J.: 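What follows is a single structure, and I will ask about it in a moment.
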There are 2 protein chains.
Amino acid sequence: MAAANVRDVAALAGVSVGTVSNVLNQSKHVSPATSQRVLAAIDELGFIRNDAARQLRVGQSRTVGFMVLDVSNPFFTDIARGVEDTLTQFNRSLLLGNSGEDAGRELGYLDLFEEQRVSGLLITPVGDVLPRLERLRSRGSPVVLVDRHENADSFSSVSVDDRLGGRLAAEHLLDTGRTSLAFLGGPASILQVADRAGGARDALASRGAAPLRVLEFDAMRAEAGRQGAEQLLALSAGERPDAVFAANDLIALGVLQGLTHAGVRVPDDIAIIGYDDISFVADAAIPISSIRQPAWEMGRAATELLMAEIDDPGAHDYRHVVFQPELVVRESTVGGGAAQAG
Amino acid sequence: MAAANVRDVAALAGVSVGTVSNVLNQSKHVSPATSQRVLAAIDELGFIRNDAARQLRVGQSRTVGFMVLDVSNPFFTDIARGVEDTLTQFNRSLLLGNSGEDAGRELGYLDLFEEQRVSGLLITPVGDVLPRLERLRSRGSPVVLVDRHENADSFSSVSVDDRLGGRLAAEHLLDTGRTSLAFLGGPASILQVADRAGGARDALASRGAAPLRVLEFDAMRAEAGRQGAEQLLALSAGERPDAVFAANDLIALGVLQGLTHAGVRVPDDIAIIGYDDISFVADAAIPISSIRQPAWEMGRAATELLMAEIDDPGAHDYRHVVFQPELVVRESTVGGGAAQAG
DNA sequence: AATCGCACTTGAATCGATTCAGGTATCTTC
DNA sequence: GAAGATACCTGAATCGATTCAAGTGCGATT
C-alpha cells in the first residue's frame, strides 16, 4: 500500500491540492465545511504529510540539531531535556548527536545536520569547528553555543559563571573549617576546568589560605576520581589535603568511593565537593555537596536564543546568557544531619 | 549566499547532473578523472547534498527513529549508544525521541517519525501503539521492540530474561545467608517488574525460603527507594527483612541512601541488590551488587535486527533475541574486599 | 443591472537529488 | 573495416508539499 499523498486527499475531499495544503498549515481562510471534508479525507486515508517534500519546497526542516558532548553524563541529558521540552512548545523536534568528545564524530554530525538543513544548531563544540559553524549560519542555520563562551562575539551562547562556581566551592570549604584544598580535574586546556580552578584559587588567595593542589586527569569520569583518591592516600598525613574540589560530579563520586573504601571518613577526615549537581550525587550513600548548574534551564535558554535568531535572521546582536552557579550543601562537606540544600 | 546544488556542481565540473549524482553515491562507474573534477567542484562550492530532495526521490530517509522510555536513566542512554554506534556502521543516523513514559508524547513522536519516513523504528512502547506500529511497518518502516517481548509474534524484539534475572538475584541473596527478602519495585503492571519478582519467588519457593515481601511504588526512581527504606525501618527488628532486591538500580541507590543514613549497616544488617548495573552503582560509596543487562549489546542487536528487516522487507520471520542477565557481585551483598565482578 | 469587494478555491510551477533509457566514444575481434 | 562489446556520460522525468497569481461565486453597493 503506497502512502496517500495530498493529491489523493484532494481527490477524495473533492478539492484542490492547494486547499489541502492550506488546511494542513492552517494558514489561509478555509471554510469550515471544506476544512471538515479535508480532515475527514486525511483521516480516512491515514494520510501523513511527507516531510521531505515539505522541506524541499520550504528550504528548511522543522528539526533542530543538538550536538552533545557526552550523553552518558546526566548533566548533558538534563540539558537535552530542557531543549526538547522547549522545542516542543515551538512545534519543532530534536535531532540529537553525540560527539563523545571526539572531533571526528563531531564533524560527521555536522555534515548530517547540514544535509538535513536543520533550522538551527545547538552545540558544545569539541574540535576547531568555528569556521564550519559560520558556514552553517551563513546558509540559514543559526548556531548557539551551549556551555561555552569562547568566541563570545560571533555566536550567541549560554554558559555558567565557572569562576564564580569555583569560588563558591572553595569558600564553602574554607567556611566549614578546611585549610588545605586539592582540585581534581580534567585537562586544563578545557576552559571550564581552568575557570573552576581559577575561581578556587581566587578564593584561597583572598583569604590567605594555602595554595590549591591540582591533580590533573585526561577524562572527567569516575575513574579519574578513583585515581585521585589513590594519589591522595599516598600522601603523608601532614601533606594530605582535608578537602577535595572535583571538577565534576562523576569525579567526585570516584573520589568518594576511593576514599571511603580505604577507611577515610567523609567528611570528617576529608570533605568532598563536586560540580554539576547531577541527581546521583544526592543519592550517593554520603550525599555529595556540589555546585549546581541549572541544566534544564540552560537547555531552555539556549533553545530560546536559537528560536529568536531563527525568527529574525537579520539581527546580528548575539546574546549571551550567563547563569549563576549555586552551592548545594550536603553531607560530604558538613556531615551529620546538618546538611541543607541551599 | 544560496547553497550550491548538484546543477551548480555539474556546471562547474563540466559534467551532467547525473554524473554528479553517481559520484555522490559511488554507484556507477565514473572515470577517476571525472570523479576528481566533480569532487573538486564540490569542495570549491562547499556543496552539501540536500537530504530532503534525496529522500523525496528515494522515498525513505537514512535516519532510524529510537523511542526511549526515559533518557535520564543511564540504562537507556547506554542502549542508545549501542544503537548509535551500530547505525554509524550502516551509514545511518539516529532520530531520538524521549517518551518519558508518557503515552501522549509517544504518539507525538510517532507522528514525527512517520512524517520523516524513517527507514526503521526502535521502540520501547508505553501506550497501546501496536496498531500504529503495524501501520508504520506496512508503509515501509520496519519496527523492532526493545526490552519488551509482549506480542512477540508480530514484531522482532530484543529483550532480557527477567525471570532468570529475578532468580539470580534471589539465589545470590540466599547463597550469602540471607533468609528474608523484600522486593521494591514499580507497578506490577509493568511486565519486567512482574517477571523479576516472579523469578525471585520461584527461587524462594524452590529453596523453601520465606515468601517475598513486596513493596510497590509508582515510579522506578531513587525517591521510591528512599520511601522503601523508611517503610523497612518502620518494621520491628523481627519483621525486618535482611535483604532487599530492588527492581532497578535507581531504586537500589535510594534504598542504600535511606538505610545507611539511618545507621543501618549495608550489607551487614541488610544486603541490597539492584538491577541494570548502571555505572553509578559501581561508583556508589558502597558499590551495589546488581543484575547486569547488556545495554550496549541490546542496542546493537536491536539495530541489527532492524537493518535485516530493512534490507529484506519481504521476510516475515520475526526474530527474538533474548539476552541472559548476569549477576554482578559487589560489596552491598558480600561486604569487605571479598566482592568480585562476576 | 452593473460594479465592486470579499471569501474562498484552484492548479501549474517550484524545490534539488536520483533514476534510467538512451547516447557517444573507444576498444576488440574476426 | 564492420560489428559488437565496453565504459562512460547525458538530461528529462520524477518524487510530494507548498506557493501564489489568477479565478470563481456571492452578496453588497450604487
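We use all heavy atoms of the structure for the numbers below, so side chains are in, but hydrogens, waters and symmetry mates are not. What you see is a predicted model; the values in this text were computed from it and never measured. Labels below follow one simple rule: chain letters A, B, ... track the order of the sequence lines, proteins then strands, and each chain is numbered from 1.
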J.: At 4.0 Å (heavy atoms only), tell me whether B/V20 reaches a base, stays on the sugar-phosphate, or touches nothing.
T.: nothing
J.: Provide the full list of salt bridge (Lys or Arg N to Asp or Glu O under 4.0 Å) pairs with a residue in residues 102-114 of chain B, sequence neighbours left out, each pair given once.
T.: A/E84-B/R105, A/D85-B/R105, B/D111-B/R132, B/E114-B/R132, B/E114-B/R135, B/E114-B/R139
J.: Provide the full list of salt bridge (Lys or Arg N to Asp or Glu O under 4.0 Å) pairs with a residue in residues 44-58 of chain A, sequence neighbours left out, each pair given once.
T.: A/R49-B/E115, A/D51-A/R54
J.: Of the non-hydrogen atoms in A/V118 and A/S141, which two are nearest, and what is the gap between them?
T.: O-OG, 2.6 Å
J.: Give me the bend of the helix from C/dA1-D/dT30 to C/dC30-D/dG1, using the axes of the five pairs at each end, rounded to 10°.
T.: 50°
J.: For the residue pair B/A295 and B/D78, what are the closest heavy atoms and their distance?
T.: CB-CB, 3.5 Å
J.: Indicate whether the side chain of A/Q116 and that of A/T63 have a donor and an acceptor atom separated by less than 3.5 Å.
T.: no
J.: Test of understanding: with side-chain hydrogen bond (donor to acceptor under 3.5 Å, both in side chains), list the residues that count as partners of B/S119, not counting sequence neighbours.
T.: B/R92
J.: So, B/S159 versus B/S157: side-chain donor-acceptor pair below 3.5 Å or not?
T.: no
J.: Show me the pairs that pass salt bridge (Lys or Arg N to Asp or Glu O under 4.0 Å) and involve residues 68-77 of chain B, at least two apart or across chains.
T.: B/D70-B/R221
J.: Could you run through nucleotides 10-17 of chain D and give me one letter per nucleotide, 5' to 3': B if any protein heavy atom sits under 4.0 Å from the base, S if only the sugar-phosphate is that close, - if neither?
T.: BBBBBBBB
